[in-house]
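First comes the structure, then the notes that go with it.
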Number of protein chains: 2
Amino acid sequence: MRRDIFQAIADPTRRAIIGLLAMQAMTPNGIAEHFQTTRQAVSKHLRVLTECEVVKQEYQGREIYYHLEIERMKEIDKWLEQFRKLWETRFEQLDNLLANLKKNKK
Amino acid sequence: MRRDIFQAIADPTRRAIIGLLAMQAMTPNGIAEHFQTTRQAVSKHLRVLTECEVVKQEYQGREIYYHLEIERMKEIDKWLEQFRKLWETRFEQLDNLLANLKKNKK
DNA sequence: TATATTTGCAACCATATGGTTTCATAAACA
DNA sequence: TGTTTATGAAACCATATGGTTGCAAATATA
């Protein structure tokens with residue numbers, strides 16, 4: 001089974017869970033309150049996120065707090081790096097174009 | 001059917017295709033040469049990417065050149081923004097910690 | 001015109017995905 | 001101790017996914 005950060009963020013509910021956990025660690029029940037699905041469905045999402053190591057569990061009595069592993073998010077950023085150069089170049093080109101237009105106007 | 005940039009980049013083959021098209025526009029046949037799957041499988045990936053508007057088609061005779069729409073990549077970057085603050089903060093904290101250690105050493 | 005090339009699409013298939021309901025287990029509490 | 005609470009896991013289901021093979025259509029070429 002494919003299990004990487006890109007698959008982790010493919011589902012909108014999982015992205016929302018990641019967003020929640022970015023604010024604070026939460027229990028499955030706490031997370032489930034924010035969604036219309038069952039707690040069990042959220043639990044399955046948490047399993048995927050755990051397998052991708054996007055979240056870490058912290059046992060506290062009978063509760064489990066899920067923490068976001070922010071490091072994993074950097075992997076996406078790293079992949080994006082190759083494109084960032086491209087769109088910055090395009091931005092520069094546009095910038096130069098505008099500068100030239102302004103120049104010619106004078 | 002869910003069709004967004006996050007689903008587009010969920011598949012490793014599609015990520016590779018996006019990587020190729022970042023370099024230059026290519027035809028389906030040209031793209032397929034880089035993979036072990038059939039041309040038709042690549043074609044299906046291109047369909048998903050087209051539906052997500054990650055690529056654009058340019059007809060040239062019987063060939064179709066696929067171009068990357070770099071703008072779509074920015075959407076990922078935008079979503080990542082919320083986490084970027086977090087990991088930069090953590091980096092600063094680590095930085096401060098190191099600075100303090102250095103200070104106390106003196 | 002006849003043939004080869006490029007491509008998309010349909011049909012099919014095995015497996016993955018995301019959800020549900022039901023259950024088992026362990027901790028908290030009366 | 002018996003009951004409630006928090007959780008994960010299993011079984012099941014409809015649909016999505018990623019691949020294949022076999023076609024049809026349109027363009028290029030002999």
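Chain A is the first sequence line, chain B the second, and so forth, proteins listed ahead of strands; every chain is numbered from 1. Since this is a predicted model, take the numbers as computed values, not measurements.
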Taking 4.0 angstrom as the limit, do B/E69 and B/R72 come out as a salt bridge?
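The answer is no: the pair does not qualify as a salt bridge.
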Salt-bridge test for A/R84 and A/E81: reply yes if a basic N is under 4.0 Å from a carboxylate O, no otherwise.
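Yes, charged N to carboxylate O under 4.0 Å.
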Quickly work out the [X] [atom1] to [N] [atom2] distance and round it to whole Å.
{"X": "A/E58", "N": "C/dA27", "atom1": "CD", "atom2": "P", "result": "16 Å"}
{"X": "B/R3", "N": "C/dT17", "atom1": "CZ", "atom2": "C1'", "result": "14 Å"}
{"X": "B/I31", "N": "C/dG8", "atom1": "CD1", "atom2": "C1'", "result": "14 Å"}
{"X": "B/Y59", "N": "D/dT27", "atom1": "OH", "atom2": "P", "result": "11 Å"}
{"X": "B/E51", "N": "D/dA16", "atom1": "CD", "atom2": "P", "result": "12 Å"}
{"X": "B/L46", "N": "C/dC9", "atom1": "CG", "atom2": "P", "result": "11 Å"}
{"X": "B/Q36", "N": "D/dT20", "atom1": "CD", "atom2": "P", "result": "10 Å"}
{"X": "A/I64", "N": "D/dA9", "atom1": "CD1", "atom2": "P", "result": "9 Å"}

Please work out if B/Y66 contacts a base, only the sugar-phosphate, or nothing of the nucleic acid, heavy-atom cut-off 4.0 Å.
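Answer is sugar-phosphate: B/Y66 comes under 4.0 Å of backbone atoms only.
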Tell me what B/Q60 touches on the nucleic acid: a base, only sugar-phosphate, or nothing, going by heavy atoms under 4.0 Å.
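No contact at all - B/Q60 keeps every heavy atom at 4.0 Å or more from the nucleic acid.
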Is [X] close enough to [N] that one of its side-chain N or O atoms is under 4.0 Å from OP1 or OP2 there?
{"X": "B/S43", "N": "C/dT7", "result": "no"}
{"X": "B/H45", "N": "D/dG19", "result": "yes"}
{"X": "A/T38", "N": "C/dT20", "result": "yes"}
{"X": "B/N29", "N": "C/dT7", "result": "yes"}
{"X": "B/T27", "N": "C/dT7", "result": "yes"}

Counting only N and O atoms by type, is there a donor-acceptor contact under 3.5 Å from the side chain of B/R14 to the main-chain atoms of B/I9?
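Not at all, since once roles are kept as given, no pair shorter than 3.5 Å links the two residues.
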Is there, by distance only and without an angle test, a donor paired with an acceptor across the side chain of [X] and the base of [N] below 3.5 Å?
{"X": "B/R39", "N": "C/dG8", "value": "yes"}
{"X": "B/Q40", "N": "D/dG18", "value": "no"}
{"X": "A/E63", "N": "D/dT7", "value": "no"}
{"X": "A/R62", "N": "D/dT5", "value": "yes"}
{"X": "A/K44", "N": "C/dG19", "value": "yes"}

Looking at D/dT7, C/dG19, C/dC23, which one has an atom nearest to any side-chain atom of A/T37?
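Nearest nucleotide to the side chain: C/dG19.
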What nucleotide among C/dT22, C/dG18, C/dG8 has an atom nearest to a side-chain atom of A/R14?
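Nearest to the side-chain atoms of A/R14, counting from C-beta on, is C/dG18.
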Going from CG on B/L80 to CG on A/L80, what distance comes out if it is rounded to the nearest 0.5 angstrom?
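Those atoms lie 7.0 Å apart.
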Have a look at A/Q60 and tell me which of A/E58, A/Q57, A/E63 forms a side chain to side chain donor-acceptor pair (under 3.5 Å) with it.
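One option only clears the test, and that one is A/E58.
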B/Y65 reachable from B/V42 in the ILVMFWY side-chain graph, under 4.5 Å edges
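No, separate clusters.
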